[in-house]
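The structure appears right after this line, and notes come after that.
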Amino acid sequence: MTDTKHHRKIQSFVKRSGRLSKGQSLGLNELWADYGINVDKTLLNFEEVFGNQSEVTLEVGFGNGDSLLEMAIHEPGQNFLGIEVYEAGVGRLVNEASKKSINNLRVIKEDAVEVLENNIPDGSISNFQLFFPDPWHKKRHHKRRIVQKSFLDLLSRKLIDDGMVHVATDWEEYAEHIMEALESHPHFKNCAGDHMYSERPQYRPLTKFENRGQKLGHGVWDIIFTKTRGS
């Protein structure tokens with residue numbers, strides 16, 4: 001007998017849904033054509049997507065989009081692509097970007113791993129950002145963490161030589177996991193030196209959540225690596 005069972009792909013996220021505000025619905029519907037990208041199985045052409053040849057920063061899991069929007073505002077010569085499955089966050093970011101007439105920001109509402117595999121050309125991303133990903137803190141859930149060797153293998157193909165990987169987390173144990181995963185990977189080098197965390201760069205905005213946590217004495221760990229040349 002043929003085994004017809006399919007192995008379900010392990011996801012690093014929980015797709016939340018709920019009632020959308022008027023602004024969020026506006027972003028997901030009427031404004032989507034201006035900022036949203038509907039992907040299929042074809043590779044994106046970033047020069048066509050953004051209308052220029054500027055470098056592309058990719059952020060996965062941008063939440064409500066506040067920090068990504070702020071970065072796009074402050075770096076008009078840089079292109080920003082955000083991937084998020086949370087509809088309220090996607091709608092909010094698109095709506096806010098439209099209010100501020102931002103033209104260097106695009107959004108994809110899909111599974112980031114699938115987008116990287118199917119739609120992002122190799123050697124096309126200059127910077128990769130992952131800020132405060134779900135830590136999946138229970139040991140039995142660690143397999144759901146997005147930062148794993150297989151993901152770093154994929155990411156290393158999409159980055160340009162000397163491309164940057166920047167991860168920030170407020171879970172120390174997850175920070176240690178990320179540090180170990182990146183340092184053990186042959187294609188990445190720690191910008192701060194072996195086993196060292198980086199200071200928060202000025203370009204990464206301080207979120208309301210993070211600011212509140214700092215007042216309570218909570219730590220945040222920034223981990224910044226570059227892709228080594230020729231890897």
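The basis for the numbers below is simple: all heavy atoms, side chains too, and nothing from hydrogens, waters or symmetry mates.
Residues satisfying the side chain to side chain contact (heavy atoms under 4.5 Å, CB included) criterion with Asn52, sequence neighbours excluded, are Phe50, Ser54, Asn79. Here Phe188 pairs with His185 under the ring-ring contact (aromatic ring centres under 6.0 Å, His included) rule; sequence neighbours left out. Take Ser21 and apply the side chain to side chain contact (heavy atoms under 4.5 Å, CB included) test, not counting sequence neighbours, and it matches Gln24. Residues passing the side chain to side chain contact (heavy atoms under 4.5 Å, CB included) test with Asn103: none are found, sequence neighbours excluded. Qualifying salt bridge (Lys or Arg N to Asp or Glu O under 4.0 Å) partners for Asp34, counting only residues two or more places apart in sequence or in other chains: none. Residues passing the side-chain hydrogen bond (donor to acceptor under 3.5 Å, both in side chains) test with Asn45, sequence neighbours excluded: none. For Lys189, there are no side-chain hydrogen bond (donor to acceptor under 3.5 Å, both in side chains) partners at least two apart in sequence or on another chain. Remark: His166 pairs with Tyr203, Asp222 by the side-chain hydrogen bond (donor to acceptor under 3.5 Å, both in side chains) rule, at least two apart or across chains. In this structure Asn95 satisfies the side chain to side chain contact (heavy atoms under 4.5 Å, CB included) test together with Leu26, Leu31, Lys99, sequence neighbours excluded. Partners of Asp161 according to the side-chain hydrogen bond (donor to acceptor under 3.5 Å, both in side chains) rule, which considers only residues two or more places apart in sequence or in another chain, do not exist here.
Here the side chains of Glu110 and Asn119 are not in contact, with every heavy-atom distance at 4.5 Å or above. Between Val167 and Tyr174 there is no side-chain heavy-atom pair separated by less than 4.5 Å. You'll find the side chain of Met179 stays beyond 4.5 Å of the side chain of Trp221, heavy atoms only.
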Test log, rule side chain to side chain contact (heavy atoms under 4.5 Å, CB included), inputs Leu28 and Val94: CA-CA 7 Å; Leu28 287 170; Val94 170; over 6 Å; no
Side chain to side chain contact (heavy atoms under 4.5 Å, CB included) between Arg204 and Val220, worked out: CA-CA 12 Å; Arg204 181 173 78 75; Val220 171; 3.8 Å; yes
Val90/Trp32 under side chain to side chain contact (heavy atoms under 4.5 Å, CB included): CA gap, chis, key distance, verdict: CA-CA 10 Å; Val90 172; Trp32 184 252; 3.6 Å; yes
Residues Lys158, Asp122; criterion salt bridge (Lys or Arg N to Asp or Glu O under 4.0 Å); working and verdict: CA-CA 4 Å; Lys158 306 304 173 179; Asp122 290 352; 2.8 Å; yes
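A distance of 9.0 Å separates CG in Leu93 from OG in Ser67, rounded to the nearest 0.5 Å. Taking CH2 of Trp171 as the reference point, atom CG of Asp134 lies at 9.5 Å (rounded to 0.5 Å). Distance check: Glu55 CD to Gln78 CD gives 5.5 Å after rounding to the nearest 0.5 Å. The distance from the CD1 atom of Ile73 to the CD1 atom of Ile102 is 4.5 Å, given to the nearest 0.5 Å. Atom CD of residue Glu30 and atom OG of residue Ser25 lie 9.5 Å apart, to the nearest 0.5 angstrom. Here the CD atom belonging to Glu117 is positioned 5.5 Å from the CG atom belonging to Leu154, to the nearest 0.5 angstrom.
Shown here is Glu183, whose CD atom has more than 12 heavy atoms of other residues, nucleotides or ligands within 6.0 Å.
The pair Glu176-Arg145 does not meet the salt-bridge criterion, since no charged nitrogen lies less than 4.0 angstrom from a carboxylate oxygen. Under 4.0 Å is where a charged nitrogen must lie from a carboxylate oxygen, and between Lys149 and Asp153 at least one such pair does.
Applying the salt bridge (charged side-chain N to carboxylate O under 4.0 Å, His left out) test to pairs two or more places apart or on separate chains, those with a residue in residues 60-78 are Asp66-Arg92.
With His187 contributing its side chain and Leu152 its backbone, the two residues share no donor-acceptor pair below 3.5 Å. Between the side chain of Tyr35 and the main chain of Ala97, a donor-acceptor pair closer than 3.5 Å is present. Counting only distance, with no hydrogens or angles, the side chain of Asn118 and the backbone of Asp40 share no donor-acceptor pair below 3.5 Å. Looking only at distances, no side-chain donor or acceptor of Gln148 sits under 3.5 Å from a matching main-chain atom of Ser150.
Both Ile108 and Val49 are assigned to one and the same hydrophobic cluster, defined by single-linkage of ILVMFWY side chains at heavy-atom distances under 4.5 Å. Put simply, Ile120 and Ile160 are part of two different groups of oily side chains (I, L, V, M, F, W, Y) that touch within less than 4.5 Å, one to the next.
Val107 and Phe62 make their closest contact through CG1-CZ, 3.8 Å (heavy atoms, listed as atom of the first residue, atom of the second, distance). Taking every heavy atom of both residues into account, Gly82 and Leu68 meet most closely at CA-CD2, 3.8 Å. Pairing each heavy atom of Ile224 with each of Pro201, the nearest pair is CD1-CG, 3.6 Å. Nearest approach of Thr226 to Cys191, heavy atoms of both residues: CG2-SG, 3.3 Å. Residues Arg106 and Ile37 come closest through the heavy atom pair CB-CD1, 3.8 Å. When every heavy atom of Lys100 is checked against every heavy atom of Leu69, the shortest pair comes out as CD-CD2, 4.2 Å.
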Please list every donor-acceptor pair under 3.5 Å in which a side-chain atom of residues 124-131 meets a protein atom from a residue at least two apart or in another chain.
residue: Ser124; atom: OG; partner: Pro121; partner atom: O; Å: 2.7
residue: Asn127; atom: ND2; partner: Thr57; partner atom: OG1; Å: 3.0
residue: Gln129; atom: NE2; partner: Glu59; partner atom: OE1; Å: 2.9

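Tested against Ile223, the residues Leu182, Asn190, Val147 include a single side chain to side chain contact (heavy atoms under 4.5 Å, CB included) partner, Leu182.
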